[in-house]
Amino acid sequence: MKTTTRLLDLTAAMVLLVYAGLSPPIVSGDPGRRVSMTLVRGAAALGAFCLDGSLPAYHLDRGFGAGSDNWLLQFEGGGWCNDVPSCRDRSKTHRGSTRFMTKTAVFTGILSNNASLNPDFYNWNKVRLRYCDGASFAGDTQVGNGTSMLYFRGQRIWNAIILDLLPKGLAKADKALLTGCSAGGLSTFLHCDNFTSYLPKTADVKCMSDAGFFLDAIDVASNRTMRHFYNQLVSLQGVQKNLDPNCTRAFYPEPSLCFFPQYALRFIKTPMFILNSAYDVFQFHHGLVPPSADPTGRWNRCKLNVTACNPHQLDALQGFRTDMLGALMNFFRNSTRGGMFINSCFDHCQSALQETWLSPTSPRIHNMTIANTVGDWYFGRGEDVKEIDCPYPCDKTCHNLIPASTTDSLVQEAKYFKMILYRDSRS
């Protein structure tokens, strides 16, 4: 179990890279806008450092016209680390240091400045917060790492970036949307109400999580792999003190459960939109069927191509969807200001890619794209903007980014990780 959870970070990065590499070309032909990185020079005075001690950073694309006073902030995603060895390894990559990050970021999808591709938010100030702490911007401690230090300062990074943006116009925001994908989508749940506290009381502030509704799932071997992983992460990185105190009191003596959105959600006061696949591919591979739960590789073909899943495996996937909808049911029934788009695509992160956000071939529920649905919810163009898709395989608009013709190199990478996990789980 220990090595399994350590490698969640590495496999997460691999999976997300695979999806990015295999996703279809942007239908619009628009390459996106390249936006330069800004280092937060004042972060050091706040003790806000990436894992390796480098300064945190963000990318800011200025708004214009009627959107000049509106702000959209997007947390970057990229897995987590839950022990010193995995965090040390992470600190030597772009997931733990701005020294290794690309100095420009491509803004597409919800970050696009093209009105035809992002009609509701194209002219807003848009910010991508770079992710370099390994705990969804929520930790606050440090540990010795031999002759150096590992800085678990995600909460301070969040604060430092906000304080850097306030004098640049965020302090006078008229409208604001906090969003993020994957681990960044989880950050959105963790920081939604705090974001509201920084802004004018007159501002219209809302939050949207994309692929961040990570379930406290029981895997196919009847273990709670994600719960064990998050318990270790919360303990190592000093996250508990930054979780919602109402939630941690409610779930005492297991406060780390509040790192799961399904438990934290009912304590969030700010209007929230949840964009997620009911068959989220990351959760399929690491929550429902982590390598430790499938040491003989019976799920390999199903993981690489859902059409190869046998009836028993499809039943497990449908059960995962049922569990996700069950965890969301109270929100669905009782949230008067919340919104949802829960589709049945095998995908992970759908708002930052143009082809899934808004294009002629975008996924749809009741003929509504993700962009249309989010826009209707934010601007109040509908009374109850909550869309839930029919079960797989009914939705023919899905991209299902696990193509059958997966390259041999990707198959070998998957086998390599499973081999390590199986070997170490037996030692």
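Computed from a prediction, not measured in an experiment: that's the story for all the values here. In this chain, residues are counted from 1 in sequence order.
Looking at heavy atoms from C-beta onward, Trp71 lies in side-chain contact with Leu170 at the 4.5 angstrom threshold. The side-chain heavy atoms of Phe332 and Ile342, taken from C-beta on, include no pair separated by under 4.5 Å. Taking the side chain as every heavy atom from C-beta outward, Gln283 and Met324 approach each other to under 4.5 Å. Looking at Asn159 and Asn194, their side chains come closer than 4.5 Å, going by heavy atoms from C-beta outward. The shortest distance between side-chain heavy atoms of Trp357 and Ser112 does not fall below 4.5 Å. Annotation: side chain of Arg33 is in contact with side chain of Asp61 (closest heavy-atom distance under 4.5 Å). The side-chain heavy atoms of Leu275 and Ser351, taken from C-beta on, include a pair separated by under 4.5 Å. In this structure, the side chains of Phe284 and Leu317 come closer than 4.5 Å at one or more pairs of heavy atoms.
The minimum heavy-atom distance between Leu243 and Pro255, with the atom names listed, is CD1-O, 3.6 Å. Taking every heavy atom of both residues into account, Cys349 and Ala211 meet most closely at N-CB, 3.5 Å. Closest non-hydrogen pair, Asp219 versus Gly287, comes out as CB-O, 3.2 Å. Residues Ala316 and Leu288 come closest through the heavy atom pair O-CD2, 4.0 Å.
Note that the CG atom of Leu233 and the SG atom of Cys87 stand 7.5 Å from one another [nearest 0.5 Å]. Rounded to the nearest 0.5 angstrom, Asp389 CG and Cys345 SG are separated by 6.5 Å. Atom OG1 of Thr108 sits about 9.5 Å away from atom CG of Asn118, to the nearest 0.5 Å. Interatomic distance, CG of Asp315 versus SG of Cys309, reported as 11.0 Å (0.5 Å rounding). With values rounded to the nearest 0.5 angstrom, Leu328 atom CG is found 12.0 Å from Arg333 atom CZ. With values rounded to the nearest 0.5 angstrom, His285 atom NE2 is found 6.0 Å from Lys303 atom NZ.
A side-chain donor from one of Asp395 and Thr397 sits under 3.5 Å from a side-chain acceptor of the other. Residues Asp83 and Ser86 have side chains that bring a donor and an acceptor to within less than 3.5 angstrom of each other. There is a side-chain donor-acceptor pair under 3.5 Å between Asp164 and Tyr58. Under the 3.5 Å distance criterion, with hydrogens and angles disregarded, a donor-acceptor pair is assigned to the side chains of Thr104 and Arg34. In summary, the side chains of Ser97 and Ser91 do not present any donor paired with an acceptor at a separation below 3.5 Å, with no hydrogens or angles considered. Between the side chains of Asn231 and Ser256, a donor-acceptor pair is found at a separation under 3.5 Å. With no hydrogens or angles considered, a side-chain donor-acceptor pair links Thr196 and Thr270 at under 3.5 Å.
The backbone N or O of Gly184 lies less than 3.5 Å from no partner atom in the side chain of Ser136, so there is not a single donor-acceptor pair. In this structure a side-chain-to-backbone donor-acceptor pair under 3.5 Å is missing from Lys126 to Ile110. A donor-acceptor pair under 3.5 Å is formed between the side chain of Thr98 and the backbone N or O of Leu55. When atom types are taken as modelled, the side chain of Asn125 and the backbone of Gly63 share a donor-acceptor pair closer than 3.5 angstrom. Panel note: side chain Asn276, backbone Gly212; a donor-acceptor pair is recorded below 3.5 Å. A donor-acceptor pair is defined here as one N or O able to donate and one able to accept, closer than 3.5 Å; such a pair exists between the side chain of His59 and the backbone of Val35. Looking only at distances, no side-chain donor or acceptor of Asn223 sits under 3.5 Å from a matching main-chain atom of Thr225. Judged by distance alone, the side chain of Gln262 and the main-chain N or O of Asp216 form a donor-acceptor pair under 3.5 Å. Proximity of a side-chain donor or acceptor of Asp210 to a complementary backbone N or O of Gln350 within less than 3.5 Å is detected. Between the side chain of Thr322 and the backbone N or O of Gln318, at least one donor-acceptor pair lies under 3.5 Å.
The side chain to side chain donor-acceptor pair (under 3.5 Å) search around His366 returns Glu387, not counting sequence neighbours. Checked against ring-ring contact (aromatic ring centres under 6.0 Å, His included), Phe195 has no partners two or more places apart in sequence or in another chain.
Taking the six-membered ring where the residue is Trp, the centroids of His286 and Phe229 are separated by 6.0 Å or more. Taking the six-membered ring wherever Trp is involved, the centroid distance between the rings of Phe251 and Tyr263 falls below 6.0 Å. Aromatic pair Phe213/Phe260: centroids not less than 6.0 angstrom apart. Here the two rings, on Phe214 and Trp80, have centers that are under 6.0 Å apart. Taking the six-membered ring where the residue is Trp, the centroids of Tyr392 and Phe346 are separated by under 6.0 Å.
Enclosure of atom CZ in Arg381 by more than 12 non-hydrogen atoms of other residues, nucleotides or ligands within 6.0 angstrom is indicated. Around NZ of Lys172, the count of heavy atoms belonging to other residues, nucleotides or ligands within 6.0 Å does not exceed 12.
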For this session: Could you walk me through whether Ile388 and Leu325 pass the side-chain contact (heavy atoms from CB on, under 4.5 Å) test, one step at a time?
Result: CA-CA 9 Å; Ile388 298 179; Leu325 296 182; 3.9 Å; yes

For this session: Would you check, one step at a time, whether the test side-chain contact (heavy atoms from CB on, under 4.5 Å) holds for Asp376 with Thr373?
Result: CA-CA 5 Å; Asp376 284 356; Thr373 308; 5.8 Å; no

Exercise. Could you walk me through whether Ile274 and Leu265 pass the side-chain contact (heavy atoms from CB on, under 4.5 Å) check?
Worked result: CA-CA 10 Å; Ile274 300 172; Leu265 180 58; 3.8 Å; yes

Problem set entry | Verdict with supporting geometry, Tyr131 and Phe75, ring pair (Phe, Tyr, Trp, His ring centres under 6.0 Å) | CA-CA 7 Å; Tyr131 182 35; Phe75 287 111; 8.7 Å; no

Exercise. Under the side-chain hydrogen bond (donor to acceptor under 3.5 Å, both in side chains) criterion, do Asp52 and Ser54 qualify, and how do the steps go?
Worked result: CA-CA 6 Å; Asp52 71 332; Ser54 58; 2.6 Å; yes

Exercise. Stepwise, does the side-chain contact (heavy atoms from CB on, under 4.5 Å) test hold for Gln74 with Leu111?
Worked result: CA-CA 8 Å; Gln74 181 198 65; Leu111 297 179; 3.3 Å; yes

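When each of Asn372, Ile365, Ile370 is paired with Met368, the side-chain contact (heavy atoms from CB on, under 4.5 Å) condition holds for Asn372 and for no other.
Arg90 and Asp133 are not joined by a salt bridge, as no carboxylate oxygen comes within less than 4.0 angstrom of a charged side-chain nitrogen. In this structure, Arg130 pairs ionically with Glu76, as a charged nitrogen and a carboxylate oxygen lie closer than 4.0 Å.
Figure legend: Lys175 and Trp124 shown without cation-pi pairing, the cationic atom not lying both under 6.0 angstrom from the six-membered ring centre and within 45 degrees of its axis.
The aromatic rings of Phe259 and Tyr230 lie perpendicular to each other, with more than 60° between the two planes, well past the 30° mark.
Applying the salt bridge (charged side-chain N to carboxylate O under 4.0 Å, His left out) rule to pairs touching residues 134-149 yields Asp140-Arg153, Asp140-Arg156, sequence neighbours excluded.
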